[in-house]
Amino acid sequence: MVTAYDFPSAVHVARAGMDLILVGDSLAIVELGHDTTQPVTLDQMLHHCQAVKRGVQQLQNSSSSSNNANSSSGSIPMLIGDMPFGTYEYRDTDIALKHAYRFIKEAGMDAVKLEGGSVARARTVQHFEGGIAVMGHVGLTPQAISVLGGFRAQGRTASRARQLLDDTLRLQDAGAFCIVLVAVGFSRSILGITKRTKVR
């Protein structure tokens, strides 16, 4: 998986033959100059997702006209839109589902990504039942930076590593097709999680 934020980066990533392209909310920092991912809005995310979709389509179209595959593997990458802070944390889970549908219908994404364990679990179940594929995200969750106290590795104690494992298993059981582990402190923690889960 590689992150892309715009048309040209999507063309390059798709040409390289990546299986998954994530349009990450990190674009708030990388593209828009914010200090955290929290300020990016749903409409901004949809705008960038649409640009990435057009980049992948452009490569597909040019490949079709020249009778070549669009990448070294000949595959079309799966596109995943990162649901930004403030779009899925509501108690009314229908709000989250409505926002997720916009990523699929308006931006052409194949799936959405949700950060966190317990909060994301209920949304994952609902999205899955609503026909939307969900990628989970545990470990360092930048949307919760205010609670975490900064960009720090997670899972550095036995109890915290256990919590990350529990969060991962909850997301897996809820129907997430893939779970991203970000900035998990010890390799033993990562190995413990990956050995106990079926999704990758």
Side-chain angles (χ1 to χ4, degrees), residues 1-64 70-71 73 75-90 93-116 119-120 123-124 126-138 140-145 171 174-180 182 199:
M1 179 176 73
V2 173
T3 301
Y5 304 116
D6 52 27
F7 180 92
S9 62
V11 171
H12 290 298
V13 170
R15 186 174 285 141
M18 293 294 148
D19 294 329
L20 303 172
I21 297 178
L22 171 67
V23 185
D25 65 352
S26 52
L27 71 86
I29 299 168
V30 176
E31 296 280 320
L32 304 179
H34 294 293
D35 292 332
T36 73
T37 62
Q38 291 178 334
V40 73
T41 67
L42 176 61
D43 286 337
Q44 288 170 328
M45 286 300 304
L46 294 172
H47 170 83
H48 284 268
C49 287
Q50 290 163 348
V52 168
K53 175 72 173 183
R54 286 192 296 270
V56 171
Q57 286 177 325
Q58 171 74 20
L59 188 57
Q60 287 175 260
N61 293 341
S62 64
S63 297
S64 296
N70 74 324
S71 70
S73 65
S75 65
I76 299 168
M78 180 178 199
L79 301 178
I80 303 149
D82 204 349
M83 292 188 70
F85 181 67
T87 61
Y88 60 92
E89 299 87 350
Y90 301 95
T93 54
D94 285 344
I95 295 172
L97 187 60
K98 179 176 137 186
H99 292 158
Y101 281 137
R102 291 189 68 192
F103 277 91
I104 308 303
K105 295 172 74 66
E106 295 177 33
M109 297 292 101
D110 301 305
V112 296
K113 182 172 81 67
L114 304 174
E115 285 190 15
V119 171
R123 284 33 167 208
T124 301
Q126 187 188 37
H127 289 18
F128 181 76
E129 291 174 350
I132 299 174
V134 175
M135 171 184 279
H137 173 153
V138 298
L140 175 62
T141 50
Q143 292 177 9
I145 204 71
L171 288 169
F177 74 90
C178 178
I179 301 167
V180 180
V182 178
V199 296

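Worth knowing before you read on, the calculation uses all heavy atoms, side chains too, and leaves out hydrogens, waters and symmetry mates.
The shortest heavy-atom contact between Ala4 and Ile21 is CB-CG2, 3.7 Å. Considering every non-hydrogen atom in both Val112 and Ala100, the closest pair reads CG1-O, 4.1 Å. Shown here for Val40 and Ala28, the closest heavy-atom pair between the two residues is CB-CB, 3.7 Å. Of all heavy-atom pairs between Val11 and Leu59, the closest is O-CD2, 3.7 Å. Across every non-hydrogen atom of Pro77 and Asp110, the tightest pair is O-OD2, 4.0 Å. Heavy atoms only, all atoms of each residue included: Ala111 and Met78 are closest at CB-CE, 3.8 Å.
If you take CD on Glu115 and CD on Glu89, they are separated by 9.0 Å, rounding to the nearest 0.5 Å. Put simply, CE on Met1 and CE on Met18 are 11.0 Å apart, with the number rounded to the nearest 0.5 Å. With rounding to the nearest 0.5 Å, the separation of CG in Asp25 from CD in Glu31 is 13.0 Å. A distance of 5.5 Å separates CG of Leu46 from CD of Glu106, quoted to the nearest 0.5 Å. The CD1 atom of Ile104 sits 12.5 Å away from atom CZ of Arg102, with the distance rounded to the nearest 0.5 Å. Annotation: the span from His47 atom NE2 to Tyr5 atom OH amounts to 14.5 Å, rounded to 0.5 Å.
At least one side-chain heavy atom of Ile132 sits less than 4.5 Å from a side-chain heavy atom of Leu97. At a threshold of 4.5 Å between non-hydrogen side-chain atoms, the residues Met45 and Thr87 do not count as touching. Proximity of Phe103 to Ile80: side-chain heavy atoms (C-beta onward) are nowhere separated by under 4.5 Å.
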Item to check | Stepwise side-chain contact (heavy atoms from CB on, under 4.5 Å) test for His127 and Met83 | outcome: CA-CA 12 Å; His127 289 18; Met83 292 188 70; 3.8 Å; yes
Item to check | Stepwise side-chain contact (heavy atoms from CB on, under 4.5 Å) test for Lys98 and Asp94 | outcome: CA-CA 6 Å; Lys98 179 176 137 186; Asp94 285 344; over 6 Å; no
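A side chain to side chain contact (heavy atoms under 4.5 Å, CB included) with His34 is found for exactly one of Leu32, Thr37, Val30, namely Leu32. Paired with Lys113 under the rule side chain to side chain contact (heavy atoms under 4.5 Å, CB included), one option of Val23, Ile179, Asp82 passes, and it is Asp82.
Applying the 6.0 Å contact sphere to CZ of Phe128 captures no more than 12 heavy atoms from other residues, nucleotides or ligands.
In this structure, the side chain of Tyr101 engages the main chain of Gly130 through a donor-acceptor pair within 3.5 Å.
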